[in-house]
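What follows is a set of notes on a single structure, which appears directly below.
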Amino acid sequence: MKRFFKTVLPKIVFLTLLVSCGNLKENNLIDKKVEDLLSQMTLEEKIGQLVQQTTIGYTDNMIGQIKQGNIGSILNEVDPDVINNLQKVAMEESRLGIPILFARDVIHGFKTIFPVPLGQAASWNPQLIEEGSRITAVEATSAGVRWTFAPMLDIARDQRWGRIVEGFGEDPFLTSVMGAATIKGFQGKELNDPASLLACAKHFAGYGAAEGGRDYNTTVISTEQLRNTYLPPFKAAVEAGAGTLMVSFNEINGIPNSGNTSLIRDILRKEWGFDGLVVSDWNSIGEMLNHGYVENPEQAAEAALKAGVDMDMENHVYLHHLARLLKENRIKESMIDDAVRRILRLKFKLGLFENPYVEIKESVFYADEHLAKAKETAIQSAILLKNENNILPLSDKIKSIAVIGPMADAPHDQLGTWVFDGEKSHTVTPLATLRAEYGSRLKINYVAGLNYSRDLDNKQFAQAVAAAKASDVVLFFGGEESILSGEAHSRADISLPGAQKDLLAKIAETGKPVILIVMAGRAIEIYKELPLVDAYLFSFHPGTMGGPALVDLIFGKTVPSGKLPVTYPKMVGQMPLYYNHKNTGRPPAGELETIENIPLEAGQVSLGNTSYYLDAGKDPLFPFGYGLSYTTFEYSDLKLSATEITGKDNLRVSCTVKNTGNREAAEVVQLYIRDLVGSVTRPVKELKAFDKITLKAGESQTVEFTLTPDALKFRNNQNQQVLEPGNFNLWIGPNSAEGLKGAFILK
Ligand code: BGC
């Protein structure tokens, strides 16, 4: 130990200083280059850097605009030859030779498609997510893309909102951890590595709070909620080094975010010190007209630049109006200069000036190790929600299976939303996997029953029922097509679409055991169908390798370990629903009145009644953090390093987790707290830490977490970050509804 302090520690400090001095030097050098370049730029060239335009290929129009220096970034070009040719024009034929930044929505994979982000969150495995994002970066950059618009960090508590699938769920802590992992994976160690993909934390902010779950809708968010729920993942993204942020379409409390000075200039830049680039969302600057916030495109450009939006995605209002606004003294040139600086700085950091072209090399697409990682991620993203009589994994005695349902062989739809580049020809579906891996041993009776998720035609039903009758067990692959979630794809009815519910009911009538596997972009309403099935495996859209992943789980080659990153509702009418809600003055407790029990012509009573639904009760179908395994885990021996701490102390909390079953398996151990009394009311539970551990059959492990004073802080209504003394409860457990309970006092 002494040796550590005498010799090792000084070396570490010295090396850290050396690295930070190196970074400082590097940054100073870049700043100097930026200033040199800026001083040579005309106003038109400066404004050009603030323009992002969608590709129209290698056309005269595009070439002309690039030569004039009218484009800073191009969106959606992925042909490396076209990219190199356009870049050559920028480098050699524009006056100052400023490279173009090529961007694309590479959301959960480029060619090798990983599970949708909400599915990735269900893995609760940030290391795995970072590794997957690295692979995505390697593939995307090899096509010339250097900037992606991900991760989406919008907290979402409403399954109707189609974009819930693009983020990491309802919890600020889980979203922060997964977001940071994604950013690290995309950006790699150094931005100037040609395989680094600039990340963009989006959509800043509050977009997931869209009223009624309807995309693009208004949000009304208190300061306390904004600070405690919606902003933390963005702050974490800034701390993780995200190079860029995108503002969102929505308004918050009457101010559209593309013109929201307090959000961008005050919080993001001044308070958090973000010096990266802020891009608008697609056309979002101009949409301030629709919001009724500005009267014309000039005013929109003025409001956005003043608020701190550096780059105009696709709207062209900066291109057309900034010069005039400057002439009329409505904006300052320093505002344009600052935005240009931030864009140029990133282009230097990415090494684009020295290394502007994409090296066309042997393709890395769908490399074996990429597919293996996609499969592992799909395995860890699947959540086992019901497993009556341990029907899963399927026994070796089974000789025949019926494979039914519209998602059993849907190579396009299992990829999920926001897939532009991944090809369905590379998708491995469950049916293909079953045939390839089990076809010689098992009789596989496949009848889709419905050709796609919304299909209403029941003409294959009789055949599907016959297939079920002829088999030992039914695997029913249901869910939603990929187009039913994602941007602009909100649903008011979140149950299985088309005639799937009818088909499932018919299959269940055969009396054969039914395993329901759902691929979807949201937690599908399933409570009426759940009693009809013996097991329920929920996988979100699992991506290219979804088939092999699910089949391995079904046959027990591997064990489910996914846990819900959202609260799973019984009914859509419970939306918004989330575990970290407030307690209310009338929290539900004891026996609850239900709609069936109310006597006829009952008199008006409310006293003693509590906050719940007569027809849905108080609970979700499954709580946040929930997921079953093929083994069982026992939690014991909760220990706290102290029962009283001061605001300067860390609290160490530990417990023992034992695998009490007979399979090696992974468990996500979760730590929640409740601050019992606050100057603003506090949630009934808040996730503060988690760890995914793997235990052999019979093995035990002590899991320890450290709660820092920062983790106990919150924003009050005066917008102060406070640490308030008082009583706290604490739980370590397998999900948000169970666990060992402890308590401590913050003095
Ligand atoms: C979406 C963004 C996306 C952008 C560019 C917008 O419609 O809201 O998430 O990054 O388009 O494609």
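In each ligand, atom 1 is the first atom listed, and ligand 1 is the first ligand listed. In this text, all values refer to a predicted model and were calculated from it rather than measured experimentally. In what follows, every heavy atom counts, from backbone to side chain, and hydrogens, waters and symmetry copies are set aside.
Residue W282 has at least one heavy-atom neighbour below 4.0 Å for each of these atoms of ligand 1: 6 (C), 7 (O), 11 (O). If you number the atoms of ligand 1 from 1 as listed, the ones under 4.0 Å from a heavy atom of R163 come out as 1 (C), 2 (C), 8 (O), 9 (O). Within ligand 1, counting atoms from 1 as listed, the ones closer than 4.0 Å to a heavy atom of K202 are 2 (C), 3 (C), 9 (O), 10 (O). Here is the list of ligand 1 atoms found below 4.0 Å of a heavy atom in F149: 10 (O).
If you look at M152 next to ligand 1, there are no close heavy atoms at all, none under 4.0 Å. Residue-level proximity to ligand 1 for E314 is absent, since no heavy atom of it falls below 4.0 angstrom.
Under a 4.0 angstrom heavy-atom cut-off, E166 registers as lying outside contact with ligand 1.
Within the structure, ring pair (Phe, Tyr, Trp, His ring centres under 6.0 Å) pairs that include any residue of residues 276-302 do not occur (at least two apart or interchain).
At a 3.5 angstrom cut-off on N or O pairs, W418 does not count as close to ligand 1. Backbone and side-chain nitrogen or oxygen atoms of H203 are examined, and one is located within less than 3.5 angstrom of a nitrogen or oxygen of ligand 1.
A search for ring pair (Phe, Tyr, Trp, His ring centres under 6.0 Å) contacts involving F348 returns F353, not counting sequence neighbours.
Looking at Y568, its side chain does come within 3.5 Å of a backbone N or O of I524 through a donor-acceptor pair.
Using a 3.5 Å distance cut-off with no hydrogens or angles, the side chains of Y230 and D154 do not pair a donor with an acceptor. Under the 3.5 Å distance criterion, with hydrogens and angles disregarded, no donor-acceptor pair is assigned to the side chains of T54 and N76. Judged purely by distance below 3.5 Å, without hydrogens or angles, the side chains of E170 and T567 pair a donor atom with an acceptor atom. Counted by atom type alone, S258 and S284 present one or more donor-acceptor pairs between their side chains at under 3.5 Å.
Nearest protein heavy-atom neighbour of atom 12 (O) of ligand 1: D105 OD2, 2.4 Å. In this structure, atom 4 (C) of ligand 1 lies nearest to the protein heavy atom D281 OD1, 3.4 Å.
Note that the OG1 atom of T136 and the NE2 atom of H108 stand 9.5 Å from one another [nearest 0.5 Å].
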